[in-house]
Structure formats: structure tokens, C-alpha cells
Amino acid sequence: MKSHTPIAILALTLACLGCQPGDSETTARELLRRQQRQNSREATVSRSPESKLAEANIFFQQRNYVEASRILRPLLIEEPDAADVLTLAANCLAAEGDIEAAEELIDRISPEATPEFILAMEASAGWLTTDRQYEKAEQRLTTALSLIKDDSTETMAERRTRLQHRIAALLNNQGKRQEAANYLRRLAESGDITEKELFALNTLSDAFIDTTMPKPDVGNELTPAALAVARLYRADRKLDEALRLARRLNAAFPDSVPIAAFYCRLLLEMNEDDTLRSILTKSPRNATDHPSFWFVTGTLLQRDERHQRAARCLVEAISLDPTDRMAFLALSRSLEKLSLLDEAELAHERYQWLSEAAHIVDRIGIRPGTQEEIVRLAELLQKLERLPEASAWLKIDATLRPGAVNSSRRLNVEQAISSTRDADGWRNASGLLRGDLGKWSPPDPHELTSSLALKDTSDWPDHTTETQLGQSKPPIVLDNITDQVGLSFQYNNGADPNSTSHALHQLTGGGIAAIDYDLDGFPDLYLVQGGGDAFDTNGSQANVLFRNLDGTRWQNTGPRTGLGDLGYGQGATAVDINQDGFTDILVANIGPNVYYQNNGDGTFTSRQLGNGQISDRWTSSIICGDLSGDGLPELIEINYVDDDSALTTQCTPQHDICNPSAFRPALDRAWQTNPDGTIEQWNGCLGMQDRPNYGFGGIITNFDGLAGNDIFIANDTEANHFWRSVPPDHTVAGKELQSNEHNYRLNECAAILGCAFGVLGQRNGCMGVAAGDFDRNGLLDLHVTNFWNQSADLYLQQPGSQFINGAGSAGIYEPSRLTVGWGTQAADFDRDGHLDIAVLNGNLVDHRWKGRPYQMLPQLFRGGFGKFNIETPRDPYWSTPALGRIMATLDWNRDGKLDLVVNHLDRPVTLLENRTTVGNGVQFCLVGVHSERDAIGATLKIRCADETWHGWVTGGDGMLCTNQKMVEFGIAEHASIDSLEITWPTGDVQRIDGLPANRCFTVVEGLGVVLESSYD
């Protein structure tokens, strides 16, 4: 039979259709294509299923999903259970966006086809992850992993490792950090863990997102994976946003343990105790599987002073998460309270190791780690019994520096790891503590949550206030009257005003001291100058004393007072050093500090401090008060940077190195006043010579109501210091203190007490400090200003001398977060019985190109019933951005209302007169006799009907400044004081009854009221 060519067949076909070949070239080509496709289909039918599958796979690789699906359709009919066919068909559907249909095909694959089933599960997890169906993707991968046995082939073992990597990343991206750690630890044990995964494993309470896969988002449909977004908000310190999202997640998914655990921990950090206690009673059934449940309950029990049960809960927390440094720190607090000092020291040691390890990891995350850093990290992890991690970091170091000579320190770490590695490669860090606490039975979760149920914590009086009635209070009025009263002063920092380049020391501002140097009853002002070179004792402009002329005007006293120091000035302190009744002045300089002795005749004489030893530092502030208990003031020299390069390195908007951590920190120093008037170094602050830091502001007073004054120092970029006074017959960290000629020594314990760090346990750029009883619980609290994207801290003191950070619940967290805060003061400006807070703000360097303000607005937080609200006074000063720096309080015109004097870098000193319509108030000036004359550390308690207020005489007053020496109370509608109780620094208690309001009383120790003045 004669064969026909394609052209012949085409011609025949066209003829049958009644057309001639030349009639339509397009039609001919189309028919030819149809014939070719038909021939291809006939050829496909005759091929084996394997070859068809191979061809479909080629089309799939070419992203020709239509052709691949066409080939696969008959195969699905012929072999409906073939895993490879089902997987490829599902991949095609997923690639075209039909995830639901793809999943239906995957569900038809039998797990008995183990290798193919595992590949199918991996493929499914891939497109589910892309579609942000994280939980289902996680289920696919864990199902696949469960089929791989320990004795599997090498190929299957490789698949197991690959699955562990993927599951860990997927869990991290859902915010399930604890669950991810289980897989990361296995990878570390196998030695197949990446540097990125080691970062994720370092601190499990921190957020971690794997950017190689789609990030979780919060779209129209809320999913549990949005927990990772909430964690990122927290990591970015957007705690209000984190809390809002966590609240929504907890409501939508009440059975999710990771969500509930994160929500509870966030509530704890935001000091939302009432909500937290309520939420805990509704915890998911398996909440005890999560370390945050135990951390939160342990911390609440600690706040309730139930330390044995708190310690037992915290041990459970670190058993589940040995990376949680805050749990170790909390445990050390409770153990110390239980007098288990050895155990407390051990827990605190682990906290310090974990903190240092986290600090190193943070640095390595910014730029490649040095060998010294990585070896030190491995050393710390070895001490913490996290041996596989330690080995993995050393392996990474070897990869970064192949052929490098190993240091003896590295070899020692490797030897220590080898000698301590047990069969599993891991040791439970909490096991060292569990044995000592084993006599205490494990806590019962149901009983715990019941015992932590909501309780009445209100200390407020039972009466209705204007705010409760919904009536607005009169606005706080603080008016700029500087030009009207003859106060003319501009601080000169020595920088070119037309340049954007500054050195670090030119950014701090000049100090202010309110001092009644002539004893006429009106506070005068001493203002510190700069302008020259640092350490040049004669290169700056002269400091200035302004005399207060009966509350009407200020007069520049000029050079006749002898106070015109020409050093580069920082802080100013008014203190009666020689106890003669006339207030002296200390000037903190970059260079020699100066002591000006008040001669009592309107002049001052310069005296040497410490035989010249006190002249070689960058001193920011000097704070004074009796610390030894001998009735004479000690001087604490708060120093900032001990690095000459900080004075010459220029900060610019594009090259901003104005972070003190780039330079060597300075040691603070303590000095004691001798009875003969000489001043020499004092060693009463235990370990101060071993703790260099970047100190700014400070407060001296009796914080805890126990014997002796204490010290708080705000440190920039590092942990704050709190030096607590202890008698010589006490022990510190299990060591007995040596007796001395004085009564007291001071031990640093800020971390233990809870005032070292920010809300999340981070180091902040702390600068200014204000002290007062903000929550009216009878204990002294602290407000501390911080750097950009670091909210101010509000350390609220609790019974037992512990502090909690109440910035979130008090309403100051978010308003202060995107500011750079400096001077701050606490005062009851409207005398309604609640302290208000004033703050100066201003950036260091002009970062407007980053979207950050340079000059910033001052802020006024109006207080009331444990909460603060931002209020902007009417005067233009409060709505004009500036580079604010130093702030002090005084009642300049003796009208009974506290005023503010504020200093800046870019505008003159400003006097803000308080013209608020106020309630009643009372002021007290104390004079010590057996105590040191300024009575630093004296506490006052006044009672009016059913209300009580507490006040403290403090030294330091915050940052580079001294406030007018008096204690003021706003008492609202009360017209008199039923009783005044003063506890002097000696411990003597003096009681005075029946005092009228709206008076200023001078009280002498042992004599009572010696002077009563009505407000002018």
C-alpha cells in the first residue's frame, strides 16, 4: 500500500472539506499542528509509565505545568496509588495555586511507601509554607521525620537531618521557640548545626525569624503563626503592639500553650499583674510544659513574698529552659531571701554567664566575631553544660580562620568540653540546683494558679476624686518667665554651632545647683559652664552664681563670690561638707573637680579634694550623703569615660560613634569627709574599683528603710548600679564583712533588686533620675530616662526592697520610647496628692535623615492613682523642640509651688514658673544635729485623715544637678496635717502633730519646728 506524506494527508483532508490547498495557509498549518499533536499522543500511549513520568517531570522543571498535567492525568487513572505520580501531580497543582487540590492528592499517598512518602511530605510542607499554612507544614514534616528510624541508611539519615533543619526553622517562624530548640539541640549533638541556628538556640525567650522562608504576617485572617510577629514587636521594643496582638491571639486560640505563655510573660513585663493573675487561672491544660508558665508564676509568688514556692517554680522554669537568664536571676533573689546564700550565688553566677554570652552573640550578630569572642562564648557555654553548642562555636571559628594557630585558651576550652561531655552530650543546668531544693515538693499547677488569683492591691483612700467623677482637673501651668526676671545664661559646649560634628563630651550639657548660699530663705542658682578644651583648668567660660532677690529677680553676682571656675564643667552639687551650716559647692568637671567652701559672708574659697587625687577623671555628677554612719557626708564621684580618644573623636550624622560603649568606661570613686575637714578616698563601696561603667545621674538616700543610706547610679549602655547599705555583722554572698570604725558598708546588687535593666532585661542608655513614691505604697521609686527606642524605666519598689518595672502599666512606656531623655524631676505640680514627672529630651546627633527628630519636645506626665498621662502646658516652651539636657526644681518665689529651671544645648537656661491652680500643700526643710547637717536619708511620713504620704531627703537629685533642699507634699483638699513622723538618719524618730497646710516648716533634729513660714 502506498504511504501518504503529511502534505498528502493534509491535501486529502482539505479536499474533503471542499477547500483547495492554497485557499488558506493558516488553516493548513493549524491542521498540521493537530496532526503532530495526535502523533505525539499516539507515541505517548505506547511508552512506559516511567518514561511518561520522566517527560512530565521535564515539563514541570520547565514550568510548563499544563503539559505536565496532561501527561500525568492518564497515569493517575492507570496507577492511582503511585506515590511519585501523586507527588508530581500535586506539585503541578500547587504551582498553579490550587493548594487544596494538591493536598487532596498528597493525602492519597500511603506512609508505607516510606522514601516516596517522605519526599511527598517535604514537597507539601514547601508549598504550605509558601502559602503561610505553617502548622500544617509542620505536621507534614514531623510525620515524615517519625518514619525515619535510628538505624536507617545513610541516605535516610541525611534526610532526617534535613527535616530537622526545616522543622526548626518552621517552628521558629511560628514563634514556637521552645519546640524549635528540641530539634536544634539534636542538630548540635550531631555536629550539623549552622551559625544561624546557634544564634536561635542561644536565648529561647528572644524572637528569632529564619528569613530564608516566608515571614509570618498578620493579614485579614489571624493565625497562630502570628505569634512570631508578636515576638518581633517585643524584640523591637514595641511592647504596646506586641501586647495588643498577643491579646487577640490568646482570645482566638485559648488552647495554644506557646501563645498563652508569651502573653503571660508579656503581661508580667508590662506589669499588668491584675490581668495576668486572671489569665493564669484560665491557662491551657498543658501550660506546665512551657518554662514561661513557671517563670511567671514564680515571679508573682516572689512579688507576694512567698519565696520558697517561688524558688521551686523558678527551678522548674530553668529545667525546661536553661537559657533563660532572667529566670536564674529571679531564682537567686528568692534563694537569697531564704538565706540559701551558696545556692543564690550559684544561680547568680549562671545569670552572669548567660548575660555575657547573650552580649557576645549580639555583637557577633552585627559583625563577624573575633576568635577571642567566639572562644569566650564557647568557654561560657561549657561552664553552662551546653557542650554541643560550645563545640559547634569552636567549629565555626575554625571555619572562619582555617589554619590559624589555636590559642592556649581555646585548647583549654576544648579539653574542658572533652572531659565533661557525658553520654548525651548535654547536662541539665538546673540539676545543680534541684538537689539542694529537692526537699520541697514540686508545685501543683492548679493550686498555684488558684493561690495567685486576683487580689485587691489598691492602697488608695476610699473617696471620690474629680477624675473619678469624670471632671477635668485644671491644667498644669508652667510658664517661661526667664526674660522677665533677669536670668540670662547660655551654656557653651565649645562646639561650632554651624557644624554637624561634635565630640562626645560636648553633648552632655551643664549642671545646675539650687542653693541658698546667703541663708535669706530664697534659693539661688549656680550654673556650670564649658566652652574650652576638656582637662584644661583655665580654658572654659566662668561658672556663674545668680542671687535670688526676694523672688522678684535674679542678679549675676559676678566674680566677687569666687565661684568662677574655668574648667570644662559638668555637674553641680550643693552640700554642707564641713557641717558649719553654710552650703558649699562641688563642681564636677572633665578634669580637676573643685570644692568651693562657703565662707558665710557671700564668698567662697576653693579647696583641694583628696590631695589632688580627684582630678584625673571625666566626672559627670557628684552625689553626697552620709554612707558610713559617722554623721559626716561621703562623696560619690560618678565618672563617665576613661578614654582620651572620646574627647577628640567626632560624631557626625553619617558616622555616629557617640555611643560610650565605643570607649573605655571609668571607675566611680567614693570619698569620705574627716572630722578635721579633710577628704580622703573611702573603700566602703565593696568592689567599686572592679566595676567601671558609664555613670550619669545618681541618688543617695535610705531606700529600704533599714540602717544606712543606699546609692542608685544610672549607667549609660550598661547595667545600673545599686549600692545597698549593710551593717558589718551581716554577710554578703556568704562572706562575712569585716568590722571597721564606721557602721556600714555598701554592696552592689542592682540586678538582684530589679533596677539594673530595662523592661525586657536589656541594658539601656540611662541618663537622668527622678525619685519619689509614684504608686503611693510608702516606698521610694525611681524614674530613669533612656535613649532612642528605649522607654523610660519606672522602678517601683515593692515590700522586701525589690523593684518591678512599671513603665508599661503606668502609661509612660510608649510615650517615652521614641525620645532621647535627659534631665527628669518628680514633683506634685498641682498639689493633688500625686507626683507628676517632667522630662527634657533631645537627640545626640542629627539623625533627621533617618526619620528621627533632632530637637525634641519636653514632656510632662501628669500623675494620678498609679497612672500617668501626657499633658502639654500652654506656654510655647512646651511645644517648641529643643536639645534639652539638665533640669532642677526649686520654689523660686516661695509661693508653695515647685518651679523648674532647665538647661539646653541650643537655647538659654529657662525658668518655668508654676502658675497652676493648686490644692493644698506643705514643705519641710530638715536640719540634722546628730545626723549630718543636710539630713540625707531622713524619711518623712505625714497623715491627713485617712491618707498617708511619704517623702525622703535625697542627695544627688538625678543628673548633674541639685534641687532646692526641701521635701514637699501636695495634700489636695486637706487643710491641715494630723501628724508628721520623721525618721532621722540616726534612726531616731520624731513626731509632730497638728500642723497647718500651706506652710514651709524648718525642723531641727531633736528640737522640732523652729521656723514656720507661710507662702508669700
Side-chain angles (χ1 to χ4, degrees), residues 490-512 527-535 540-541 567-572 588-591 617-621 638-666 694-697 714-718 764-768 785-790 819-824 839-848 850 852-856 858 881-887 902-909 958-961:
Q490 170 71 62
Y491 177 72
N492 180 3
N493 67 353
D496 181 353
N498 297 316
S499 173
T500 59
S501 175
H502 302 82
L504 182 63
H505 70 281
Q506 295 172 330
L507 301 174
T508 55
I512 302 171
L527 303 175
V528 172
Q529 262 293 11
D533 293 332
F535 291 100
S540 290
Q541 296 179 22
Y568 195 101
Q570 295 288 272
N589 284 324
I590 303 179
R617 305 290 173 94
W618 174 349
T619 303
S620 51
S621 298
I638 301 177
N639 294 312
Y640 192 58
V641 168
D642 184 16
D643 192 333
D644 290 345
S645 65
L647 306 174
T648 56
T649 304
Q650 295 295 303
C651 311
T652 68
Q654 282 70 37
H655 182 60
D656 180 7
I657 49 77
C658 282
N659 185 319
S661 60
F663 307 103
R664 187 172 59 249
Y694 309 99
F696 252 138
N715 290 319
D716 190 1
T717 74
E718 290 292 340
N764 278 338
C766 300
M767 289 181 274
T785 59
N786 290 315
F787 195 64
W788 179 263
N789 201 26
Q790 300 171 354
T819 64
V820 177
W822 294 83
T824 176
V839 183
L840 290 177
N841 298 307
N843 217 331
L844 288 172
V845 178
D846 190 348
H847 281 163
R848 281 175 288 189
K850 290 183 179 180
R852 299 180 187 176
Y854 184 38
Q855 287 92 353
M856 295 179 176
L883 298 178
R885 288 302 187 260
I886 314 303
M887 174 186 291
V902 290
N903 208 345
H904 320 81
L905 291 184
D906 60 342
R907 59 190 294 182
V909 161
M959 177 185 170
L960 282 66
C961 71

Note to self: Would you compute the distance between atom CG of Leu507 and atom CG of Asn493 and round it to the nearest 0.5 angstrom?
What the structure shows: 7.0 Å
Margin query: With rounding to the nearest 0.5 angstrom, report the CG to CE distance, Leu960 to Met887.
Written below: 13.5 Å
Note to self: My understanding is that only residues two or more places apart in sequence, or in another chain, count here; which of them pass side-chain hydrogen bond (donor to acceptor under 3.5 Å, both in side chains) with Thr508?
What the structure shows: Gln570
Note to self: Minimum heavy-atom separation for Tyr491 and Asn903, please, with both atom names.
What the structure shows: CB-OD1, 3.8 Å
Next item on the list: Identify the two heavy atoms, one from Arg664 and one from Asp642, that lie closest to each other, and give their separation to 0.1 Å.
Entry: NH2-O, 2.6 Å
Checklist line | Closest approach of Gln490 to Pro908 (non-hydrogen atoms, all atoms of both residues) | finding: OE1-N, 3.0 Å
Note to self: Run Trp788 and Lys850 through side chain to side chain contact (heavy atoms under 4.5 Å, CB included) and show every step you take.
What the structure shows: CA-CA 12 Å; Trp788 179 263; Lys850 290 183 179 180; over 6 Å; no
Next item on the list: Specify the closest pair of heavy atoms between Cys651 and Val845, including all atoms of both residues, with the distance to one decimal.
Entry: CB-CG2, 4.0 Å
Notebook entry, point to check: Is there side-chain contact between Tyr854 and Leu883, with at least one heavy-atom pair below 4.5 Å?
Noted result: yes
Notebook entry, point to check: Between Cys766 and Ala714, which heavy-atom pair has the shortest distance, and what is it?
Noted result: CB-CB, 3.9 Å
Margin query: Could you check whether any side-chain heavy atom of Val820 comes within less than 4.5 Å of a side-chain heavy atom of Met767, counting everything from C-beta outward?
Written below: yes
Note to self: If you take the centroid of each ring, where Trp contributes its six-membered ring, are Tyr640 and Phe696 closer together than 6.0 Å?
What the structure shows: yes
